Amino acid sequence: MLLLYSEIQEAKQEFLLDIYLGIFPNSYKERLLRYQRWQDIQLSLLGRLLVKEGLSYFGKEVDFSELMFNEYDKPYFQNNSIQFNISHSGELVAAIFTNEQVDIGIDIEKSHDIKVAEFKSQMTPYEEQKIFNSEYPQQEFFKYWTQKEAVLKAMGKGLSIPLKSFEVKNNITHIDDRAFFVSKIDLEKEYICHISKSEEFNNKEIIVRKISIEEFLNMKNIITP
């Protein structure tokens with residue numbers, strides 16, 4: 001497995017758009033430029049560039065006109081054996097890849113102040129007890145949240161499955177008679193990240209690499225129409 005991530009920089013926005021916008025279909029360009037915040041534009045753009053770089057790692061060419069989304073908005077390429085998933089929060093965007101025929105998902109959240117009690121309705125009694133009895137309830141909440149989101153993204157059904165309908169215990173859960181395994185990945189301070197896979201795995205199997213925007217700006221070989 002391969003995990004790539006990148007961090008946005010406002011100063012590099014125009015450079016990225018000038019170099020890379022032309023490699024994408026018009027439908028995506030139009031949607032991208034409708035975003036009001038530069039952060040949302042760059043997070044989306046970097047997500048696509050991470051996908052391009054990740055598939056290249058596995059020897060696959062990318063034609064973004066062939067990028068599809070299932071009914072729950074999970075992205076995939078037809079006739080491409082590489083499974084991938086993307087997540088972003090705060091200033092980071094991350095993508096996980098595998099060439100195995102398995103389901104895979106990733107979720108990343110930047111820790112911030114929230115009213116954890118407002119999410120009680122989405123917790124099972126076990127989760128509620130674990131979170132509110134923790135020494136650091138907010139940190140425990142983001143652990144719970146990213147675990148479950150990663151599982152739902154691996155399934156490809158998103159929040160159509162209620163968060164309260166399953167529990168992650170000892171890094172494994174079962175939904176519809178299917179097992180999903182979960183593991184925490186340390187990326188940057190203040191960020192909590194989990195990945196989920198439909199087969200058991202070890203973190204030692206995962207290559208983790210941060211790609212700076214400067215690297216993207218120097219990747220001449222990535223610029224293909």
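Heads up: numbering here begins at 1 and tracks the sequence. Please read all numbers here as calculations on a predicted model, not as lab measurements.
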Neighbour count above 12 (heavy atom, 6.0 Å) for [X] [atom1]:
X	atom1	answer
Asn170	CG	no
Lys157	NZ	no
Phe64	CZ	yes
Tyr136	OH	no

Supply the atom-to-atom distance [X] [atom1] to [Y] [atom2], rounded to the nearest 0.5 angstrom.
X	Y	atom1	atom2	answer
Ile41	Arg31	CD1	CZ	12.5 Å
Ser111	Glu190	OG	CD	7.5 Å
Leu17	Glu14	CG	CD	5.5 Å
Leu50	Leu3	CG	CG	9.0 Å
Ile131	Asn133	CD1	CG	10.5 Å
Cys193	Leu187	SG	CG	4.5 Å

I want to check something: taking the side chain as every heavy atom from C-beta on, are [X] and [Y] in contact at a cut-off of under 4.5 Å?
X	Y	result
Ile195	Ile206	yes
Arg48	Leu32	no
Ile207	Met1	no
Asn80	Leu55	yes
Leu152	Asp107	no
Ile8	Val93	no
Ser6	Leu92	no
Ile108	Thr146	no

Are the aromatic rings of Phe142 and His112 close, with centres under 6.0 Å apart? yes
Any donor-acceptor N/O pair, [X] side chain to [Y] backbone, under 3.5 Å:
X	Y	result
Tyr72	Met155	no
Gln42	Gln9	yes
Gln138	Ile114	yes
Asp63	Ser65	yes
Asn85	Ile106	yes
Ser198	Asp103	yes

Would you list the pairs meeting salt bridge (Lys or Arg N to Asp or Glu O under 4.0 Å) in which at least one residue belongs to [range], sequence neighbours left out?
range	value
residues 71-91	Glu91-Lys110
residues 116-128	Lys120-Glu128, Glu127-Lys148
residues 16-27	none

Write down the atom of [X], the atom of [Y], and the distance for their closest heavy-atom approach.
X	Y	answer
Ala154	Gly105	CB-N, 3.5 Å
Ile86	Gly47	CD1-O, 4.1 Å
Phe166	Thr124	O-CG2, 4.2 Å
Val102	Thr98	CG2-CG2, 3.9 Å
Lys164	Ser121	CD-O, 3.4 Å
Val168	Tyr126	O-CE2, 4.3 Å

Answer with yes or no whether the hydrophobic clustering places [X] together with [Y]; edges join I, L, V, M, F, W, Y residues whose side-chain heavy atoms lie under 4.5 Å apart.
X	Y	answer
Val208	Phe216	no
Leu45	Ile211	yes
Leu49	Leu43	yes
Val51	Ile104	no
Leu67	Tyr76	no

Can you classify the ring geometry of Phe119 versus Trp145 as parallel (below 30°), tilted (30 to 60°) or perpendicular (above 60°)? perpendicular
Pairs flagged by ring-ring contact (aromatic ring centres under 6.0 Å, His included) wherever residues 28-48 is involved - sequence neighbours left out: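 For residues 28-48, and leaving out neighbouring residues, the ring-ring contact (aromatic ring centres under 6.0 Å, His included) pairs sorted by first residue read Phe24-Tyr28.
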Any Lys/Arg nitrogen of Glu215 or Lys210 sitting under 4.0 Å from an Asp/Glu carboxylate oxygen of the other? no
Taking only residues two or more places apart in sequence, or in another chain, which ones meet [X] in a ring-ring contact (aromatic ring centres under 6.0 Å, His included)?
X	answer
Phe84	Phe77
Tyr144	Phe141
Tyr5	none

Between Tyr57 and Phe97, is a side-chain contact (heavy atoms from CB on, under 4.5 Å) present by the stated rule, with each step listed? CA-CA 10 Å; Tyr57 173 88; Phe97 305 84; over 6 Å; no
Non-neighbouring partners of Ser165 that pass side chain to side chain donor-acceptor pair (under 3.5 Å), sequence neighbours left out: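 Side chain to side chain donor-acceptor pair (under 3.5 Å) check on Ser165 returns nothing, list empty.
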Residues two or more places apart in sequence or in another chain: which of them pass side-chain contact (heavy atoms from CB on, under 4.5 Å) with Asn202? Lys204, Glu205
Residues forming a side-chain contact (heavy atoms from CB on, under 4.5 Å) with Gln101, sequence neighbours excluded: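 Checked Gln101 against side-chain contact (heavy atoms from CB on, under 4.5 Å); matches are Ser81, Gln83.
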By salt bridge (Lys or Arg N to Asp or Glu O under 4.0 Å), which residues pair with Lys12, not counting sequence neighbours?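 So Lys12 forms a salt bridge (Lys or Arg N to Asp or Glu O under 4.0 Å) with Glu214.
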Set of residues satisfying salt bridge (Lys or Arg N to Asp or Glu O under 4.0 Å) with respect to Glu167, sequence neighbours excluded: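 By the salt bridge (Lys or Arg N to Asp or Glu O under 4.0 Å) rule, Glu167 matches Lys169.
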Stepwise, does the side-chain contact (heavy atoms from CB on, under 4.5 Å) test hold for Val116 with Phe132? CA-CA 9 Å; Val116 178; Phe132 289 99; 3.7 Å; yes
Begin with the C-alpha distance, continue with both residues' side-chain angles, and end with the deciding distance and a verdict on side-chain contact (heavy atoms from CB on, under 4.5 Å) for Gln139 and Lys143. CA-CA 6 Å; Gln139 185 173 335; Lys143 175 185 175 182; over 6 Å; no
